[in-house]
*Asks:* 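My questions will all concern the structure given below.
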2 protein chains.
Amino acid sequence: MKSLVSRCPIEEVMQLLSGRWPTLLIYYLKQGTKRFSDLRRDNPTISHKMLSLELRKLEDAGIVERTEFQGYPLRVEYELTPAGHRLVPLIDALGAWWEATSEADMQANTANGESAVAKVSRPD
Amino acid sequence: MKSLVSRCPIEEVMQLLSGRWPTLLIYYLKQGTKRFSDLRRDNPTISHKMLSLELRKLEDAGIVERTEFQGYPLRVEYELTPAGHRLVPLIDALGAWWEATSEADMQANTANGESAVAKVSRPD
DNA sequence: AGTAAATTACGCACCTTTTTGTAACCACGA
DNA sequence: TCGTGGTTACAAAAAGGTGCGTAATTTACT
C-alpha cells in the first residue's frame with residue numbers, strides 16, 4: 001500500500017480483497033453498523049490484532065468508515081461506505097459463479113465416468 | 001485446500017483468487033492459449049515454481065485446462081475453460097469498481113480540503 | 001563420429017521474507 | 001478489576017525465491 005505507485009486496477013483490488021478476512025468482514029458489515037467486539041463475535045477465529053489490521057486496511061481503501069464515540073469504555077463503530085456497498089454485489093457475483101461452477105463440475109463428474117474437464121490430466 | 005469441507009462460497013472463491021498471480025494469469029490467458037514459457041514472458045517476475053503452482057491451482061479449480069503434447073522439448077499449453085471465461089467479466093467488474101472508487105476519492109479530496117471520507121481519522 | 005550444450009516444463013530441497021498468532025500492555029471510568 | 005479498542009514485541013507459520021536435477025531430441029563444436 002506504499003511503494004506501488006499505480007498498476008493494473010485488478011491487481012490493486014485483489015491486493016485489498018486477498019486473504020480470508022476482507023470479504024468476510026464486508027459480509028458482516030453489509031448487515032449494518034458493527035462494533036469491534038461485534039465483529040469479533042461474528043467471527044471468533046480472527047485475532048483482535050488481525051481484526052484491527054484488516055479494518056484499518058478497509059478504512060484506508062475507503063470502503064469502511066470508522067466512527068469513534070468518546071466515552072468510558074471507548075466505543076467505535078464500523079460501517080460500509082457507499083463505495084463499500086457498491087462492492088457487495090460484485091463479491092456476491094463471485095460467490096454465485098463459484099457455486100455454479102462447482103455444481104457443474106459435480107454434474108459432469110457424476111454424469112459420465114471420464115469428465116470432459118480432465119483430458120491429459122497428470123498421473124498423480 | 002483440504003480439511004475445509006464446505007463453507008461460504010465467497011470464502012472459497014477468495015481462497016482461489018487471493019494473491020498476486022491468479023487474476024493476472026487469468027488476464028493473460030483470456031487472450032488465448034498460452035504455453036508455460038509464454039506466461040513467464042508475459043510476467044517476468046513470477047518464478048517458475050510459483051507459475052506451476054498457481055497454474056495447477058487454477059487447473060484443479062476447473063478454470064484452466066492443461067494440455068500436454070508429447071515430444072521433446074515437451075510442450076504444454078494452457079487455456080481458460082468455459083467456466084474460466086465466465087469468470088473474466090466478474091474480475092473486470094472488480095477492476096472497474098476500484099477505478100471508479102479511486103477517482104471518486106481523488107475528486108472528493110481535491111474538491112474540498114476536509115474530505116467527506118475522513119471524519120474521525122486517526123492521528124497518524 | 002562423438003561429445004557437449006540447449007531446449008521445456010516442471011519437482012525438490014533449502015533458505016529468506018511476509019504474514020499471522022500470542023500475549024502483554026495502555027488508557028479510561030464504573 | 002473489569003471491559004473497550006488498540007498497540008507493541010516476539011514467535012510461529014505460511015508464502016515465495018533460487019538453483020539444481022530430469023526427460024529425449026536437435027544442434028554445435030571437435
Side-chain angles (χ1 to χ4, degrees), chain A residues 1-4 11 14-25 28-29 33-61 64-79 119-124, chain B residues 1-4 11 14-25 28-29 33-61 64-79 119-124:
Chain A
M1 202 77 78
K2 26 179 71 79
S3 59
L4 298 165
E11 267 189 273
M14 289 318 295
Q15 184 166 328
L16 174 66
L17 299 181
S18 281
R20 297 171 58 188
W21 309 120
T23 52
L24 251 195
L25 295 180
Y28 284 113
L29 284 170
T33 298
K34 296 265 185 178
R35 302 178 49 180
F36 191 86
S37 44
D38 292 333
L39 290 168
R40 289 215 64 192
R41 262 185 293 278
D42 286 336
N43 207 107
T45 61
I46 194 173
S47 69
H48 62 246
K49 176 187 170 184
M50 269 301 105
L51 182 53
S52 78
L53 248 43
E54 297 291 328
L55 283 172
R56 167 124 40 224
K57 193 170 75 173
L58 296 178
E59 192 197 349
D60 290 345
V64 160
E65 182 176 339
R66 180 193 132 102
T67 314
E68 213 173 277
F69 294 91
Q70 247 64 28
Y72 336 108
L74 172 64
R75 196 157 68 87
V76 181
E77 287 187 352
Y78 296 91
E79 63 186 314
K119 273 177 61 179
V120 198
S121 62
R122 71 193 67 250
D124 272 317
Chain B
M1 202 78 78
K2 30 175 70 78
S3 59
L4 298 165
E11 268 190 272
M14 289 319 295
Q15 185 166 330
L16 174 66
L17 299 182
S18 281
R20 297 171 57 187
W21 308 120
T23 52
L24 251 196
L25 295 180
Y28 284 113
L29 284 170
T33 299
K34 295 266 184 177
R35 302 179 47 181
F36 190 86
S37 44
D38 292 332
L39 290 168
R40 291 214 63 190
R41 261 185 295 276
D42 287 336
N43 207 107
T45 63
I46 195 173
S47 69
H48 68 260
K49 175 188 170 184
M50 270 301 106
L51 182 53
S52 78
L53 248 41
E54 297 291 329
L55 283 172
R56 170 117 40 207
K57 193 169 75 172
L58 296 177
E59 192 196 349
D60 289 346
V64 160
E65 181 176 340
R66 181 191 131 103
T67 315
E68 215 172 276
F69 295 90
Q70 245 66 27
Y72 301 88
L74 173 64
R75 196 158 66 88
V76 181
E77 287 187 352
Y78 297 90
E79 63 186 315
K119 273 176 59 180
V120 198
S121 63
R122 71 195 65 247
D124 271 315

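All values derive from a computational prediction rather than experimental measurement. Order of the sequence lines fixes the chain letters, A, B, ..., with proteins taken first and strands second; residue numbering starts at 1 for each chain.
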*Asks:* Kindly give the heavy-atom pair with the smallest separation between B/R35 and B/L74, and that separation in Å.
*Replies:* NH2-O, 4.4 Å
*Asks:* Please round to the nearest 0.5 Å and tell me the distance separating atom CG of B/L24 and atom CG of B/D42.
*Replies:*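 B/L24 atom CG to B/D42 atom CG measures 9.5 Å (nearest 0.5 Å).
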*Asks:* Using the closest heavy atom to pick a nucleotide of DNA chain C for each, name whichever of B/H48 or A/M50 lands nearer the 5' end.
*Replies:*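 First, find each residue's nearest nucleotide; the 5'-ward one identifies B/H48.
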*Asks:* Determine whether B/L51 and B/L25 make a side-chain contact, defined as any pair of heavy atoms from C-beta on separated by less than 4.5 Å.
*Replies:* yes
*Asks:* Without decimals, in angstroms, what is the distance between A/L51 CG and D/dT4 P?
*Replies:* 13 Å
*Asks:* How many angstroms lie between OG in B/S18 and NZ in B/K57, if you round to the nearest 0.5 Å?
*Replies:*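 Between atom OG of B/S18 and atom NZ of B/K57 there are 7.5 Å.
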*Asks:* Tell me: CZ of A/R20 to P of C/dT20, nearest whole Å?
*Replies:* 10 Å
*Asks:* So how far is it from B/S37 OG to B/H48 NE2, rounded to the nearest 0.5 Å?
*Replies:* 13.5 Å
*Asks:* With sequence neighbours excluded, what pairs up with A/R20 under the salt bridge (Lys or Arg N to Asp or Glu O under 4.0 Å) test?
*Replies:* none
*Asks:* Run the salt bridge (Lys or Arg N to Asp or Glu O under 4.0 Å) test against B/R75 and tell me which residues pass, sequence neighbours left out.
*Replies:*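 Testing B/R75 for salt bridge (Lys or Arg N to Asp or Glu O under 4.0 Å), a comparison that skips the adjacent residues, returns B/E77.
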*Asks:* Closer than 4.0 angstrom, basic N to acidic O: yes or no for B/R41 and B/D38?
*Replies:* yes
*Asks:* Which whole-number value in Å describes the distance from A/E54 CD to D/dG5 C1'?
*Replies:* 16 Å
*Asks:* Does the side chain of A/L55 reach to within under 4.5 Å of the side chain of A/W21, using non-hydrogen atoms?
*Replies:* no
*Asks:* If you assign A/L53 and B/L53 each to the DNA chain C nucleotide with the nearest heavy atom, which residue ends up on the more 5' nucleotide?
*Replies:* B/L53
*Asks:* Quick one, give me the B/S/- string for nucleotides 3-9 of chain C, reading 5' to 3', where B means a protein heavy atom under 4.0 Å from the base and S means that only happens at the primed atoms, P, OP1 or OP2.
*Replies:* ----BSS
*Asks:* How close do A/Y78 and A/L29 get, counting heavy atoms only, and between which atoms?
*Replies:*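 So the minimum-distance heavy-atom pair works out to O-CD2, 3.5 Å.
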*Asks:* Rounded to whole Å, please give me the gap between CD in A/Q70 and C1' in D/dG5.
*Replies:*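 Going from CD in A/Q70 over to C1' in D/dG5 covers 12 Å.
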*Asks:* Starting at atom CG of A/L55, determine the distance to atom C1' of C/dT20, rounded to an integer number of angstrom.
*Replies:* 16 Å
*Asks:* If every non-hydrogen atom of B/L16 is compared with every non-hydrogen atom of B/P22, which pair is closest and at what distance?
*Replies:* O-CG, 3.5 Å
*Asks:* Any chance you could list the contact pattern along nucleotides 13-18 of chain C? Use B for base contacts, S for sugar-phosphate-only contacts and - for none, protein heavy atoms under 4.0 Å, 5' to 3'.
*Replies:* ------
*Asks:* Do B/D60 and B/R56 have side chains that approach each other closer than 4.5 Å (heavy atoms only, starting at C-beta)?
*Replies:* yes
*Asks:* Output the rounded distance in Å from CD (A/Q15) to P (D/dA15).
*Replies:* 17 Å
*Asks:* Let's see if you get this right: which residues in residues 40-47 of chain A place a heavy atom under 4.0 Å from DNA chain C?
*Replies:* A/S47
*Asks:* Do A/M14 and B/M14 have side-chain heavy atoms sitting under 4.5 Å apart?
*Replies:* yes
*Asks:* Run through DNA chain D and report every stem of 3 or more consecutive Watson-Crick or G-U pairs, distances under 3.5 Å, ordered by first number.
*Replies:*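 Consecutive-pair runs (3 or more) involving DNA chain D: C:1-7 with D:24-30, C:9-26 with D:5-22, C:28-30 with D:1-3.
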